[in-house]
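Convention: sequence-line order gives letters A, B, ...; per-chain numbering from 1.
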2 protein chains.
Amino acid sequence: MSKIISVKNESKKETISKISAKLFRKKGFSATSMRELAVDIGVEASSLYNHIGSKSELLQIICFKVANDFINQINELEQIEIGVTIKLEKIIRFHIHKMLEDYDMVYVANHEWKHLQEPFLKNFLNQRKLYENKLIELIKIGISEKSIKKLNPQVLAFTILSAVRGLEFWQQHKKNIDIEELEKTMVTQLLTGIIK
Amino acid sequence: MSKIISVKNESKKETISKISAKLFRKKGFSATSMRELAVDIGVEASSLYNHIGSKSELLQIICFKVANDFINQINELEQIEIGVTIKLEKIIRFHIHKMLEDYDMVYVANHEWKHLQEPFLKNFLNQRKLYENKLIELIKIGISEKSIKKLNPQVLAFTILSAVRGLEFWQQHKKNIDIEELEKTMVTQLLTGIIK
DNA sequence: TTACAAAACTAACGCTTATTCGTTTTTAAT
DNA sequence: ATTAAAAACGAATAAGCGTTAGTTTTGTAA
């Protein structure tokens with residue numbers, strides 16, 4: 001009857017992944033059925049299996065796409081020779097952009113990763129830990145350079161990550177706020193605090 | 001065969017709620033079956049229905065217990081006459097304590113609320129919005145009193161809430177860190193920043 | 001036009017789900 | 001010891017799940 005429509009150079013697998021990401025975000029991975037996904041794509045559920053291996057594979061694609069994007073960004077940043085605080089600012093701004101651009105996928109990677117099957121689950125958590133450790137190392141350098149306060153670097157890193165992760169909030173209030181103001185406010189708050 | 005064991009003055013409903021919170025946190029609401037819950041309680045699935053109305057009711061109990069605890073705390077705080085920044089510090093510390101004490105329930109309320117059925121879903125979101133607005137109002141007072149930087153109060157509030165929500169992280173690393181140091185670091189970071 | 005592959009369809013599989021029913025066991029009060 | 005209520009049980013229900021199989025339609029290239 002119908003047919004899977006792919007825009008641009010997107011493969012049909014990518015199309016299905018993106019639409020599944022939207023559904024997984026809205027309803028959760030477990031509560032989303034392949035039949036629901038099929039409806040949103042405009043095809044019968046069984047037809048999906050001409051393009052994907054399993055429901056689980058969709059979650060894998062989403063989670064590792066996001067993980068790789070963040071790892072790649074922080075790797076590139078490591079090469080550049082700029083101050084630690086500027087690097088932190090760039091990281092915060094990257095999180096904000098990613099969250100606003102690839103909202104569904106980032107949200108799913110943050111919230112639904114626990115439904116990954118082994119060995120992907122372990123793999124994903126390793127990637128995340130790797131990212132966290134790179135951020136912690138960066139903060140430690142800042143502390144030793146005396147550009148950052150001597151506080152527990154792990155707590156500092158996790159607080160930053162939590163704060164940017166919470167940008168999900170803003171998807172609802174997107175219209176009410178200017179992105180540049182959002183970035184400026186968050187960077188200021190996380191780096192220099194809120195007290196005058 | 002077996003029997004539901006309740007400690008202290010806990011009703012059996014409360015016992016079931018707490019154990020379900022642990023399961024909902026670990027596996028997610030949708031991915032947790034009543035049969036699994038029954039195993040953890042030591043009873044057949046059908047026996048649970050002598051004490052609860054439905055699986056959904058368990059989620060309601062958890063979400064509104066948490067929501068009420070937070071609303072009550074901020075209401076009490078409104079009565080007390082202390083400075084805005086001290087109030088903020090108390091709020092942050094309360095979040096930290098709650099997260100460490102009632103980890104499962106707070107986690108579930110934060111992550112699984114979307115599986116609430118109407119009208120409970122709307123009700124819960126209203127409660128949450130109420131809490132957010134109270135925090136925003138507090139920050140606005142701080143800004144007008146010039147104790148807080150003139151930044152977007154909504155962004156400041158949401159960043160704080162996101163950061164404390166991210167305390168889930170620490171459940172895994174609990175052993176590695178002293179709670180007082182955790183509190184001190186987060187309060188310092190969120191209120192006065194990380195840059196020297 | 002023919003031929004082949006890609007992708008759609010319908011139907012069904014085996015399994016799990018939350019919940020209900022009728023019955024039996026346990027608990028507690030008389 | 002008798003009785004009534006509370007709480008357990010096993011079995012069954014209907015619905016939904018991911019996925020597979022077999023078949024038909026569609027698209028493409030010779």
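Between A:F24 and A:H111, the distance separating the two ring centers is not shorter than 6.0 angstrom.
Of the side-chain N and O atoms in B:H51, one or more sit less than 4.0 angstrom from OP1 or OP2 of D:dA8. Side-chain nitrogen and oxygen atoms of B:S47 include none within less than 4.0 Å of the OP1 or OP2 phosphate oxygen of D:dA7. The phosphate of C:dA7 has OP1 or OP2 within less than 4.0 Å of a side-chain N or O from A:K12.
With C:dA18, D:dT19, D:dA7 as the choices, the nucleotide that has an atom nearest any side-chain atom of B:Y49 turns out to be C:dA18. Side-chain atoms of B:R35 lie closest to C:dT17 of the nucleotides C:dA8, C:dT17, D:dA7.
Counting non-hydrogen atoms under 4.0 angstrom, A:S46 reaches a base of the nucleic acid. Counting non-hydrogen atoms under 4.0 angstrom, B:E44 reaches the backbone sugars and phosphates but no base. Using a 4.0 Å heavy-atom criterion, one finds that A:S33 contacts the sugar-phosphate atoms exclusively. Nucleic acid contact for A:S56: none, since no nucleic acid atom lies under 4.0 Å from a heavy atom of the residue. Here A:S30 lies out of heavy-atom contact (under 4.0 Å) with every strand.
Heavy atoms from other residues, nucleotides or ligands lying under 6.0 Å from NZ of B:K134 number more than 12. In this structure, B:K98 places its NZ atom where more than 12 heavy-atom neighbours from other residues, nucleotides or ligands lie under 6.0 Å away.
Going from atom CE of A:M34 over to atom P of D:dT19 covers 6 Å, rounded to whole Å. If you measure from atom CG of B:L23 to atom P of C:dT17, you get 12 Å, rounded to the nearest angstrom. Remark: P of C:dC21 and CG of B:L48 are 17 Å apart, rounded to the nearest angstrom.
For B:N50 and D:dA8, a side-chain-to-base donor-acceptor distance below 3.5 Å is present, hydrogens and geometry of angles not being considered.
B:K27 has a carboxylate O that lies under 4.0 Å from a charged side-chain N of B:E36, or vice versa, which qualifies the two as a salt bridge.
B:L125 has its side chain out of reach of B:K129: every pair of non-hydrogen atoms, C-beta onward, lies at least 4.5 Å apart.
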